[in-house]
Every structure is written in C-alpha cells, then in structure tokens.
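Inspection log for the structure reproduced underneath, given as structure tokens.
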Amino acid sequence: MSASVLFVCLGNICRSPTAHGVLLRKLGLLGLGDRVRVDSAGTGGWHAGEPPDLRAQRHAAARGYELSALRARQVVPADFSRFTHILAMDRANLDLLEALKPAGFSGELGLFLRYGSHGLLEVPDPYYGGAQGFEKVLDLVEDAADGLIAQLGLGA
Ligand code: 4NP
C-alpha cells in the first residue's frame, strides 16, 4: 500500500462518496487497486450510516460507478493517522479539517481539485440542486481522480 486517500465533504452522501467510487474503479481498471486505500467521510455527522444520496448513486451508476455499498461516516481525529492524503471537496470543509488537524500530521491536507484541470478548486454542492449538479460533480471528480493517480506516482 503506497498511499491512502480520504475524501471529505459535508454530508458524505454526495460528493465524497462519488470521489470514493470513481477513484476505486479507476484504480481497479489500472490494476492498482491494492496500492491505494480509499475512503470517504463527512465533516458533518447527520447522515452517518446512510448510503449515498440516490441521485448521486444513479448518476454515478450511469457512468459505471457503483456507490450503493458505501455508508456515510463523520471524520474522526484518528483519520489523520490513517491517511496520507486527506482531500476536501471545498474550502469550507478544508477549513474544518485544518482545525482538526493534529500538529504531527505529516500527510497532505488540501483541496481535491488541485489535481484537476478544469480550472475550479471547489466541487459545488449538488444536494439542493438538480441533475446537472450531479453530472458536474462527476465531470470534476473524474478529471481530478486521473490527475491524482498520475501524481501518486504508482508507476505502470
Ligand atoms: P455532500 O452534500 O456534502 O456532497 O454529501 C450534502 C449532503 C447533505 C447535506 C448537505 C450537503 N445536508 O445539509 O444534509
């Protein structure tokens, strides 16, 4: 295992489980599934134990990503000792993570979209919007996942 990635959004039912499912599948297709541990969590705990939002599941499934087995959980302090990369979907969640970060954390804490090429740094929250928002999440997440895989330097 050369890296471990935790994706974080607010509820852990839309954006971060989408990133979780997309990265898992991309790694699997590349034969790199055993090189990177992937998880996701929310800074909020209201949806803990729930599967991803049905809209997120359906839009992801249409592109071949299976999210139904994922269950929401809240970020815990121990995550900072379990993951080498903690990647937030937006600045508000990054700020909350910065406040939780122990002094000794030597991994990377930052915005997931810094690995992307769309010129955006935040994944817009699709929860209160329509179908287009969920497609946008997938577009941004697929692109940044490719960038992340390249940056992790996992080799061929
Ligand atoms: P997520 O979306 O952070 O991408 O999972 C949201 C899910 C739930 C809520 C907000 C955003 N909520 O307010 O319950």
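Counting starts at 1 for both ligands and their atoms, in listed order. All residue numbers in this chain count up from 1 along the given sequence.
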Whether over 12 other heavy atoms sit under 6.0 Å from Glu98 CD: yes
Backbone or side-chain N or O of Trp46 under 3.5 Å from ligand 1 N or O: no
Test of proximity, Cys9 against ligand 1: N or O pairs below 3.5 Å: no
Main-chain N/O of Asp90 paired with Asn93 side-chain donor or acceptor, under 3.5 Å: no
Arg37 NZ/CZ over Phe83 ring centroid, <6.0 Å and within 45° of normal: yes
Polar contact flag for Pro126 and ligand 1 (N/O pairs, less than 3.5 Å): no
Residues Glu50 and Arg71 bridged, charged N to O under 4.0 Å: no
Ligand 1 contact on Asp125 by region, counting heavy-atom pairs under 4.0 Å: side chain
Heavy-atom nearest option to atom 12 (N) of ligand 1, drawn from Phe134, Tyr127, Phe7: Tyr127
Part of Tyr128 with heavy atoms under 4.0 Å of ligand 1, whether side chain, backbone, both or neither: side chain
Carboxylate-amine/guanidinium proximity below 4.0 Å for Arg55 and Glu135: no
Polar contact flag for Ser16 and ligand 1 (N/O pairs, less than 3.5 Å): no
Check: Arg73 side chain, Gly42 main-chain N or O, donor-acceptor pair, under 3.5 Å: no
For Cys14, atoms of ligand 1 separated by under 4.0 Å from a heavy atom: 1 (P), 2 (O), 4 (O), 5 (O)
Enclosure of Arg58 CZ (heavy-atom neighbours >12, cutoff 6.0 Å): no
Contacting atoms of ligand 1, where contact means under 4.0 angstrom from a heavy atom of Ile13: 5 (O), 7 (C), 8 (C)
His47 to ligand 1, any heavy atom closer than 4.0 Å: yes
